[in-house]
Protein chains: 2
Amino acid sequence: MATIRDVAEAASVSIATVSRVLNKKARVSEETARRVWTAAAELDYWPNEAARSLTTNQTHVIGVLLPDLHGEFFSEVIRGIDQAARESRYQILVSSSHADHDEVMTAAKSMQGRIDGLIFMASDNGLAESVDRIQGRMPLVLINPRRIVKGTASLRIGNFLGAREAVNHLLRLGHEDIAILKGPAGNIDAEERLRGYRHALAAADRDLGASREFQGDFLEPSGYRAAAEILGSRRRPTAVFACNDMMAIALISAFGGAGLKVPEDIAVVGFDDVAIARYIHPPLTTVRVEANQLGQRALRRLLAILSGGEAEGAVEEVLPATLVVRESCGASLAGYSTDYSRRKESPGSMPGGTARDSDPEARGD
Amino acid sequence: MATIRDVAEAASVSIATVSRVLNKKARVSEETARRVWTAAAELDYWPNEAARSLTTNQTHVIGVLLPDLHGEFFSEVIRGIDQAARESRYQILVSSSHADHDEVMTAAKSMQGRIDGLIFMASDNGLAESVDRIQGRMPLVLINPRRIVKGTASLRIGNFLGAREAVNHLLRLGHEDIAILKGPAGNIDAEERLRGYRHALAAADRDLGASREFQGDFLEPSGYRAAAEILGSRRRPTAVFACNDMMAIALISAFGGAGLKVPEDIAVVGFDDVAIARYIHPPLTTVRVEANQLGQRALRRLLAILSGGEAEGAVEEVLPATLVVRESCGASLAGYSTDYSRRKESPGSMPGGTARDSDPEARGD
DNA sequence: AAGTTCCTTGTAAACGGTTACATAATCTGG
DNA sequence: CCAGATTATGTAACCGTTTACAAGGAACTT
């Protein structure tokens, strides 16, 4: 509770001098410096950072706006952000579970003046306007935005390519009737994965139409519901591509409960490669997303902008989503060599290297 | 970038008036209010919260200091905190992965002036001093502290009782040679769980000594290492109690890889009840810890203190850790009814109700 | 010894808000 | 119609820092 004035008084110097020695910003005589240090220690003085940032106009804090903290994906992203922040001695101000534009705006507003920049994950519909209103007011990095915004840095996951690859893999294994368990409507990840699924099928002349598309919402219960639907359908698909791992895991559990064997009776592949994907039975074939990397890069990107390094029309960066083949797809049954799975698990590029193949990932094609 | 002065000018009123209408704190004529609102909207004025909190002396931000963000436990705690914070329109300033006293202090210092209170998880050794230095400076709630601090609110998990119950369960199933896979040294959760294990064995006159205590560190790889050690030991235990689920899962995976069947050949029980515990094969018997609840309660507790509601010598609150019986312990084999597991899964008290049974949970006995 | 320069320190003006107090204008009632 | 109460608004101090500028003194130059 001691202020800089108290310290100044105790050391019998002016507050300016105290500020100078504490910040080591200007030359001060050995003697006075010592006096100030001991006075500060004596009083257990901690500078008020709010006052500080008011004058310096920088906070060493980064704001993070997330739609939800639930699930491993988000917690990994935030962990990545925090890790990278720590390295640069930044802290993060978090606000999550924002469903609509108004909520996002109030959250953003209450960050005004306390952050140096913002990482905003705007994957859901209706948040485009929020981006517009925030953009220009503070340095901004978008994660998985719905559409790219001119002059705003953004990072996203290679959802389309990842999903396409997963479905192609299923096709190569001989599956002809592949269902999809979709993610929530309006979510960009879900949409992109669906697009990848459709694209793969269309390219193989195996278009199955909407009858093979089941609705889910990324949460476990929807996986169970979908399993019931799938089992109840007239012709049971031989494989299902779930748009995330939690739903895939629920599917496997539900199928098992119904007496079906995975992958013999029905193959399942997921998306995300959550930590436990390899421990369930059978180990889950899925598409790995480097959520932690995503967070780290987002923060570094923001820091680059802050230090003036990053140019204006900052391009979009896409992190590859790579297929990791385990057993739930039946690849081992089909006699695929581990070699194949290996090739997929460690791509030639650096782990976490980015793909800028804007071509195939281009949206809305 | 517009300041209150710009708005005042645009509305041709004084800054005091602007402040008044924006905060609805005093009577202002309809007419001027309107002028101010439109000027503010026109200029897209966002108040600078740092300046605000400098005068009002409150921030609507809660600091959170965690040792590490890794693992489901931590992310659940933080999610709980965030959820509860949202309800009360608070935001959280997070800083994690603090190993030692100095790091904690710098983190805490850089929060000074930007938070109304602090939630501090100081489970590791060497953080006791940090608590002392922070205590008194700002409202504080401790999560899983090493020792209770006079006049400081704290919450913790019923580690001892939970562990004892788990081991007792194994004993009741007829196991006589029960090993433990310990958590990292110096971690209070790990120590308490170990204490519960020893207590249960001692009470059953089955003290096995240190030969049955294997060292782990809560991370998967240590589970694999321990599995190798256990398999290599002269007499293989018939059951092992792992101090957390990730290690338990690794154990099961490793045992499976070595051709052992769980629970027939060796039983395993974990601690935490992470989301996937029920999806692995066999489903994991474990001790449920309501990490999310822990976070929520910590925040509510802090808010209570802030609003002056909470009395001085704030007591310690302990959240029960309850055994949930699934299959990895072999209870089903042994013919235990689901009834038994049921009884354990939903205790009589409210879900998340707290136990203040200071008696058996008392430390250092 | 006087004029420069350099070093150390203090004074005071910001930063962007809130709020106690003062003041001007309007209303009330006898 | 005027004293007093009430209402609306402005003035200025303050929150706790940083920092441009000024100033005093010591050291150096010639």
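A quick note: this is a predicted structure, and the numbers were derived from the prediction, not measured. Per chain, numbering begins at 1; letters A, B, ... match sequence-line order.
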(request) Quickly work out the B:Trp46 CH2 to C:dC15 C1' distance and round it to whole Å. (result) 20 Å
(request) May I ask you to test the A:Thr59-B:Arg114 pair for a side-chain heavy-atom distance under 4.5 Å? (result) yes
(message) Whole angstroms only, please: what is the CZ-C1' distance between A:Arg52 and C:dA14?
(response) 17 Å
(message) OP1 or OP2 of D:dA8 versus the side-chain N and O atoms of B:Thr17: is any pair under 4.0 Å?
(response) no
(message) Quick test of your reading of the model: are A:Glu191 and A:Arg146 salt-bridged, counting only N-O distances below 4.0 Å?
(response) yes
(request) Indicate, with a heavy-atom threshold strictly under 4.0 Å, whether A:Ser19 touches base, sugar-phosphate, or nothing. (result) base
(request) Nearest whole angstrom, please: distance from the C1' of C:dG16 to the OH of B:Tyr45. (result) 7 Å
(request) Kindly point out which of D:dG16, D:dG10, C:dT18 is positioned nearest to the side chain of B:Val13? (result) D:dG10
(message) Here's a test of your reading of the structure: between B:Leu54 and B:Arg20, which maps to the more 5' nucleotide of DNA chain C?
(response) B:Leu54
(request) Indicate whether OP1 or OP2 belonging to C:dT8 is found under 4.0 Å from a side-chain N or O atom of A:Arg27. (result) yes
(message) Using heavy-atom distances to pick each residue's nearest nucleotide on DNA chain C, tell me which of A:Val28 and A:Ile15 is more 5'.
(response) A:Val28
(request) Give a yes or no answer on whether the side chain of A:Asp82 reaches the backbone of A:Ile78 with a donor-acceptor pair at less than 3.5 Å. (result) no
(message) Quick check: any donor-acceptor pair below 3.5 Å linking the side-chain of B:Arg5 to the base of C:dG17?
(response) yes
(request) For the residue pair A:Asp102 and A:Thr106, confirm or rule out a side-chain donor-acceptor distance under 3.5 Å. (result) no
(message) Would you say A:Lys25 places a side-chain N or O within less than 4.0 Å of OP1 or OP2 belonging to D:dT18?
(response) no
(message) Checking contacts here: which listed nucleotide (D:dG10, C:dT18, D:dT17) is nearest the side-chain heavy atoms of B:Ser14?
(response) D:dG10
(request) Mark yes or no for whether B:Asn292, through its side chain, and B:Val77, through its backbone, hold a donor-acceptor pair below 3.5 Å. (result) no
(request) Compare side-chain N and O positions of A:Asn23 against OP1 and OP2 of D:dT18 and report whether any pair is under 4.0 Å apart. (result) yes
(request) Calculate the interatomic distance between B:Asn57 atom CG and C:dG17 atom P; express it in whole Å. (result) 18 Å
(request) Could you tell me whether A:Thr32 contacts a base, only the sugar-phosphate backbone, or nothing, with contacts defined as non-hydrogen atoms closer than 4.0 Å? (result) sugar-phosphate
(request) Could you tell me the separation between the CG atom of B:Asp6 and the C1' atom of C:dG17, rounded to a whole number of Å? (result) 13 Å
(request) Round to the nearest Å and state the distance from B:Glu31 atom CD to C:dA25 atom C1'. (result) 16 Å
(request) In whole angstrom, give the distance that lies between atom CZ of A:Arg114 and atom C1' of C:dG16. (result) 13 Å
(message) For C:dT18 and B:Thr55 - does any side-chain N or O of the residue sit under 4.0 Å from the phosphate oxygens OP1/OP2?
(response) no
(request) Round to a whole Å and report the spacing from CE of B:Met1 to P of C:dG16. (result) 11 Å
